[in-house]
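Scroll down for the structure; my scribbles are underneath it.
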Amino acid sequence: MPAHMLRELDRLKGIAIAMVLVSQWDCAQALLPEVARSSWSGIDLLFVVSGYLTTRSLLRVLPSEGSDAGLAQRLTDAREPLGGFFLHRFLRVVPLVALFFLVNRVVMRWFPQNFGSPEQWWREVVAFFGGIYGYDLAFHTDFRMAILWPIAVGAHFTLALGLIFAIFRKPGRRLGACLCVVLLVMAGRALPVPNGADAGTYALAASHLRLDAPMAGAIVALVGGELRRAAPALGPIVPPWVMRYAVLPAVVVVIACLPGAVPQQVAREEGLVALWFLSALLVAFASLDRGYVLPIPVLAPVLQYLGSRSLPLYLAMVPVGRLEDDLGGRWPRYRALVPEDAHHPLVRTLVLLATTILVAEVVHRCVEQPFRRIARARSPVG
């Protein structure tokens, strides 16, 4: 993948992580207008970017072919490359999740109020590695590690996309299968919520209702060649500087503000479609590799850094926030220096942000990078 395109995608991931951080920290929300405080929509942007990157990697493992053999032969041919691909994804994600579980289990001994009980911990471990985390979360909304549901959705998407690529070899059929998944997900949102499940959590965390966002990223990747060939025609219609500094930044603002600007019921139904559509628009412009996505001095490298550490940052933000809260309750002198009242949100936000970045950087260097090297050595699929 061209370095410039990768930088643009990292900027989008950086924006998404910033949105999610705001949605998790009350002190950060206090610094923004009310409409921008419910920015959980950063998850949808991450889904679309992840879907695009996963598809690009899978295309290198199972490239498109002009003709299809029988289904049994296709599955046999795909078994070895898909095995390497799934191993690669496993080594890039699961060690960080395992560390997240381990840290929560250790810290729980001293801070059970915020980190829960061993029984809760085991239930979440079994739900995650059993592949039902988002569904179990809808029935047990008191989960203490609930931020794991997008990772569970991502795992289900990777499995579904791998199956689509194994069954279909022609580009058009792969594209059609991804479109069918999107339509089925949208139709599935009209079905009733299971008895006993929290409707809001079920709509946001149940994998079969969330696969449309990463599939939108997959569709952008599958039509990427056509997009790049059509890109020159956009020049006379929309000047590049307008796209860079007006249109695409406005799209980012709409994604961040949409959950806070519409009723929750709308945000969890039609709003989800709007979010992945707008996110796919951003990813599509990044895929053109023409420097369209937020090439803003100073801001761009900051976003690229955040994006390159997106998973460690995501996993660190909640434990750091909870530990800071417990520290303030047990150490009055610290709380005097870093007050949590609404009149001093900036100080606490900066402390949380700096601590989260520090923890994420350590995890990135000591865990994520070594396992990435192992993943590339065992299965160099990108």
Side-chain angles (χ1 to χ4, degrees), residues 1-13 46-69 71 73-96 151 154-179 181 211 213-229 231 280 282-290 293 304 307-308 310-311 368-382:
M1 184 180 298
H4 195 285
M5 185 195 303
L6 187 59
R7 287 196 295 268
E8 291 190 60
L9 293 170
D10 275 341
R11 288 175 208 159
L12 292 179
K13 288 195 291 183
L46 281 173
F47 276 155
V48 177
V49 175
S50 177
Y52 177 86
L53 292 171
T54 300
T55 306
R56 293 271 302 205
S57 296
L58 199 50
L59 282 169
R60 289 192 286 274
V61 174
L62 293 172
S64 300
E65 296 182 11
S67 61
D68 284 335
L71 177 59
Q73 185 61 47
R74 279 176 264 158
L75 294 176
T76 301
D77 293 343
R79 183 172 58 188
E80 184 175 346
L82 272 184
F85 174 78
F86 289 141
L87 175 63
H88 186 274
R89 305 301 295 181
F90 179 92
L91 290 172
R92 292 192 63 169
V93 175
V94 172
L96 291 178
I151 300 174
H156 292 152
F157 162 75
T158 301
L159 291 171
L161 192 68
L163 184 61
I164 288 172
F165 270 54
I167 294 175
F168 302 106
R169 291 185 176 181
K170 293 182 180 180
R173 293 183 181 180
R174 288 175 173 175
L175 179 61
C178 291
L179 287 170
V181 172
L211 290 182
M215 281 296 174
I219 291 169
V220 173
L222 289 170
V223 301
E226 296 298 325
L227 286 175
R228 282 186 286 276
R229 282 190 287 273
L282 292 173
V283 173
F285 273 96
S287 72
L288 298 178
D289 193 25
R290 293 177 174 236
V293 180
Q304 288 163 208
S308 68
S310 56
L311 185 55
E368 188 175 37
Q369 280 190 330
F371 275 99
R372 280 187 175 183
R373 287 193 288 268
I374 294 172
R376 283 194 293 267
R378 290 182 174 270
S379 179
V381 298

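Start at 1 with the first residue, then count along the sequence.
For Leu161 against Ala218, the heavy-atom pair with the smallest separation is CD1-CB, 4.1 Å. Scanning both residues, Val220 and Ser287, for their nearest heavy atoms gives CG1-OG, 4.3 Å. Here the closest non-hydrogen pair linking Glu368 and Leu96 is OE2-CD1, 3.9 Å. Of all the heavy atoms in Pro81 and Val61, the pair that sits closest is CB-CG1, 3.2 Å. Nearest heavy-atom pair, Ala166 versus Leu75, reported as atom, atom and distance to 0.1 Å: CB-CD2, 4.0 Å. For the residue pair Leu59 and Ala221, the shortest heavy atom distance occurs at CD1-O, 4.4 Å.
Salt bridge status for Arg7 with Asp10: absent, with no side-chain N to carboxylate O gap under 4.0 Å.
Rounding to the nearest 0.5 Å gives a distance of 10.5 Å between CZ of Arg11 and CG of Leu6. Atom OG1 of Thr55 sits about 6.0 Å away from atom CG of Leu222, to the nearest 0.5 Å. The line from CZ of Phe165 to CG of Leu58 is 5.0 Å long, rounded to the nearest 0.5 Å. A distance of 10.5 Å separates CG in Leu159 from CZ in Phe157, rounded to the nearest 0.5 Å. Rounding to the nearest 0.5 Å gives a distance of 9.5 Å between CG of Asp289 and CG of Leu9. Rounding to the nearest 0.5 Å gives a distance of 11.5 Å between CZ of Arg290 and CD of Glu8.
Considering only residues two or more places apart in sequence or on other chains, Leu179 meets the side-chain contact (heavy atoms from CB on, under 4.5 Å) condition with Leu175, Ile219.
No donor-acceptor distance shorter than 3.5 angstrom exists from the side chain of Ser50 to the backbone of Phe47, with no hydrogens or angles considered. Arg89 places no side-chain N or O within 3.5 Å of a backbone atom of Thr158 that could act as its donor or acceptor partner. One N or O on the side chain of Arg74 and one on the backbone of Ile167 form a donor-acceptor pair closer than 3.5 Å.
For the pair Leu62 and Phe168, the minimum side-chain heavy-atom distance is 4.5 Å or more.
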Apply side-chain contact (heavy atoms from CB on, under 4.5 Å) to Val181 and Ile164, showing your working. CA-CA 10 Å; Val181 172; Ile164 288 172; 4.2 Å; yes
